[in-house]
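Below, chain A is the first sequence line, B the second, and so on; all start at residue 1.
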Amino acid sequence: MTQEIRLRFAPSPTGYFHVGGARTALYNWLVCKRLGGTFILRIDDTDEQRNRSEWTRGIIDALSWLEIDFDEGPYFQSQHKDRYLEVANELYEKGLAYYCSCTREEIDERARLRGGVPGYDGFCRHRGLASEAGYALRFMVPPGETLVNDVVRGAVAFDNSTIEDFILLKGNGTALYVLANFVDDVDLRISHVIRAEEHLPTTPKAVLLYEALKIQTPVFAHLPVLVNEKRVKLSKRRDRVAVEDFRDQGFLPEAMVNYLALLGWSPGDDLEFLDRQKMVELFDLSKVSKSPAFFDVVKMKHFNKHYIAAMDSDEFIKRCLPFLERNSWWQGSELQQASFRTIAPYVKERVALLTEVVEMVDFLFLDPSQLDVERYTLSDADVDMLLKFLSKVESIENFTRDTLEESFRSLGEEIGVALRKLQAPIRLSLTGRKIGPPLFVAMEVLGKERSLERIRDAIATRH
RNA sequence: GGCCCCAUCGUCUAGAGGCCCAGGACAUCACCCUCUCAAGGUGGAGACACGGGUUCGAAUCCCGUUGGGGCUGCCA
C-alpha cells in the first residue's frame, strides 16, 4: 500500500501572523503540491489562555491573500479534547504514563538540591498515583536512544536520559502540546511534518509516543528559523513582521511568496524569479538550507519592484485602487480613472511598493494649494526660463507629450541650457515634487489649462 | 549550566573532492545612457571562522576549537 500524502500547517493563534509562519506554510504547501497530496489547516489552540479568534481570522486571511490554499480544515484542536483524553488514558492503562503530584516549586527545589540541573526527576514515577484533580499525567520515558530522521538535517540522536518524563495532561486535565499534536497528526494521517527548527528538541518526545503506540512515524523536516538583524529568532513582539503589515505597505503576494521561498531554499542555476508552477516543480526539501536566514525587507522590496513592473497595466491599475481609495481626494470618477490610466504605465515601473503610487500621482487630483511643495527657491534664471517656456507652450493647440517635448527641446537649444536643468523648475511648479513620472506625460494628463496656471502661480508666488 | 542544530561576500545563496586564486542576486561605489526618478548597461570593492587530520588534491570528508542559534513552561 502506498502511503497517502497528507501535510498540515498547524499554527497556534497566539498573535498576529508573521512571515516565519508564512514561510513554514509555504514550504508545506510546496511539498504537498509537489507530491500531489492533501493540504490541511489545523489551528493549534489548546492553550485557551492565549488564543483569540481574531488571530485565527488573521491567519486564514493572510494565507488566502498569499494564495496558500488548503484542502481540508481548518480543524481546531480545542474540539478534539476528548480524543486527547482517550489516548492519554490508553497510555496510562498500558503503564506507559503515570500521574504526578509535583508542583513546579517542588521540582525546582529538588533540582536546586541536586546541583542546579533543571528538569523533572521522575519523582512520581513509581508512586502509583491515580488520577486526581491537579495531578499531571507524565509519559514514562524509556531508557535508550531516540532517533529523529529529519529530511533537512539527517539523523539526529537524543539520549533518552536527557529527555525528562514530559507532561501529557496538565493538572486541569487538558492536553499539552506534544500529546495534542501527536494525536491529531495520527488521526489526520499526516505523512510529513514540516515545521520550524524550534520544534526539533520536542520531536524525540513525539517519536517516543509513536513508538510507544507502535504507529509509523511521519517524515520530519525542520526548517531553519528566520532571524532579525541581530540574528535572533523573529519575534512577534520585537520585530515588525506581520504579513498583514506588508500587505498594507503595498507588497504583492506573489513577490512575497517568491522571496519567502528563497529564504532557506535555492533552486540552483542562479534562478531567482519563479512563479508558483516553477516553484512546485523545482522544490526539494533535501536542498533546504540548515542555517538561520535573515529576513531582509530590502531584498523583498526588490522582488516587489520587479513584480510590479512586470504586471500588465490593467492589473496594476486594479491593484492600486485600494491604495488610492485611502485618500480623500480620490473619488474614483471617470475623469480621475482616465487620468490614472494614462499615467499608470509610467508609474508602474517607478515604484517598489504600491503605497508609493500615491505620492507619484497625487498632483493630478489635488488642488494646487494642497500640493506639498518641497522647499525650493526659483532663481531669476528659473523664472526667465519658465516665462519663455510659457510663451512657447501657450500657442500649442495639440497639448500632448510629443508636442510638449518638442517645444521643450527647442527651448533648451535656444537658451543653451541642459534639459535636466530645465525640467526641474517646471516639474516643481506642476507637481510640487522634485521627482515623478515623465514630465510631458504629466502635463498632458494635467491638461493645458491647469498646467499653465500652475506655472504662472509658481512665478507669482516665488519667494 | 544541560541537550540539540548551524558556520561561503554586509545579506540570501551556488558549490555534493579536482570545472573555484569560489559563481549569482540584494545592498554598496564608479562610469555610461537619460527631461527628474526608475529601469538598463559596464566595471569595482566584498566571503570559504580557526586549527589539525584524510587525500596526489578540500569550501567540499573526519576531529577539535571558536562563534552564532534553538530548546530547556502544567506555551505552541
Quick one: [X] [atom1] to [N] [atom2], roughly how many Å, whole number?
X	N	atom1	atom2	result
A:E359	B:A38	CD	P	13 Å
A:E145	B:C4	CD	C1'	13 Å
A:N304	B:A25	CG	P	20 Å
A:R195	B:C5	CZ	P	16 Å
A:I343	B:C37	CD1	P	17 Å
A:N228	B:G10	CG	P	18 Å
A:E349	B:A38	CD	P	13 Å
A:K290	B:U13	NZ	P	12 Å

Report the base-pairing partner of [N] (Watson-Crick or G-U wobble, both distances below 3.5 angstrom), or none.
N	result
B:A47	none
B:G57	none
B:U66	B:A7
B:G17	none
B:A30	B:U42
B:U36	none

Write down the distance separating the [atom1] atoms in [N] and [M], rounded off to the nearest Å.
N	M	atom1	result
B:A58	B:C71	C1'	34 Å
B:C50	B:C9	P	10 Å
B:G43	B:U60	P	31 Å
B:A22	B:A47	C1'	9 Å
B:A7	B:A49	C1'	7 Å
B:C20	B:A59	P	13 Å
B:C62	B:C6	P	11 Å
B:G23	B:G15	P	15 Å

Give me the ring orientation class for [X] and [Y]: parallel if the planes are under 30° apart, tilted from 30 to 60°, perpendicular past 60°.
X	Y	value
A:W265	A:F283	tilted
A:F273	A:H302	tilted
A:Y177	A:H199	tilted

Residue whose nearest RNA chain B nucleotide is more 5′ - A:F303 or A:G436: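 By nearest-heavy-atom nucleotide position, the 5'-most residue is A:F303.
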Whether A:R401 side chain and A:V441 backbone form a donor-acceptor pair below 3.5 Å: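 Judged by distance alone, no pair lies under 3.5 Å.
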Do [X] and [Y] sit within salt-bridge range, that is, some charged N less than 4.0 Å from a carboxylate O?
X	Y	answer
A:R409	A:E406	no
A:R110	A:D108	no
A:R450	A:D457	no
A:R319	A:E254	yes
A:E109	A:R112	yes
A:E197	A:R153	yes

Quick one: label [X] by what it contacts on the DNA or RNA (base, sugar-phosphate, nothing), any heavy atom closer than 4.0 Å.
X	result
A:K301	nothing
A:F440	base
A:A196	nothing
A:P224	nothing
A:R427	base

Base, backbone or nothing for each nucleotide of [range], written B, S, -, heavy atoms under 4.0 angstrom, 5' to 3'?
range	value
nucleotides 63-76 of chain B	------SBS-SBBB
nucleotides 26-33 of chain B	SS------
nucleotides 40-50 of chain B	-----------

Among the nucleotides [options], which one has an atom lying closest to any side-chain atom of [X]?
X	options	value
A:L263	B:G15, B:C4, B:C12	B:C12
A:L419	B:A39, B:C35, B:U11	B:C35
A:Q423	B:C12, B:C35, B:A14	B:C35
A:R350	B:C12, B:C6, B:A38	B:A38
A:R420	B:C12, B:C35, B:A38	B:C35
A:S291	B:C35, B:A7, B:A38	B:A7

NZ or CZ of A:R433 within 45° of A:F363 ring axis and under 6.0 Å: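 Cation-pi check for A:R433 and A:F363: fails.
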Cation-pi, A:Y27 ring and A:R23 (6.0 angstrom, 45 degrees):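 Yes.
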Considering all heavy atoms, the nearest A:D239-A:Y16 contact: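 Looking at all heavy atoms of both residues, the shortest contact is O-OH, 2.8 Å.
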Atom NZ of A:K170: over 12 foreign heavy atoms under 6.0 Å: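 For A:K170, atom NZ is crowded (more than 12 foreign heavy atoms under 6.0 Å).
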Atom pair NZ (A:K388) and CD1 (A:I415), whose distance is rounded to the nearest 0.5 Å: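 The CD1 atom of A:I415 is 5.5 Å from NZ of A:K388, to the nearest 0.5 Å.
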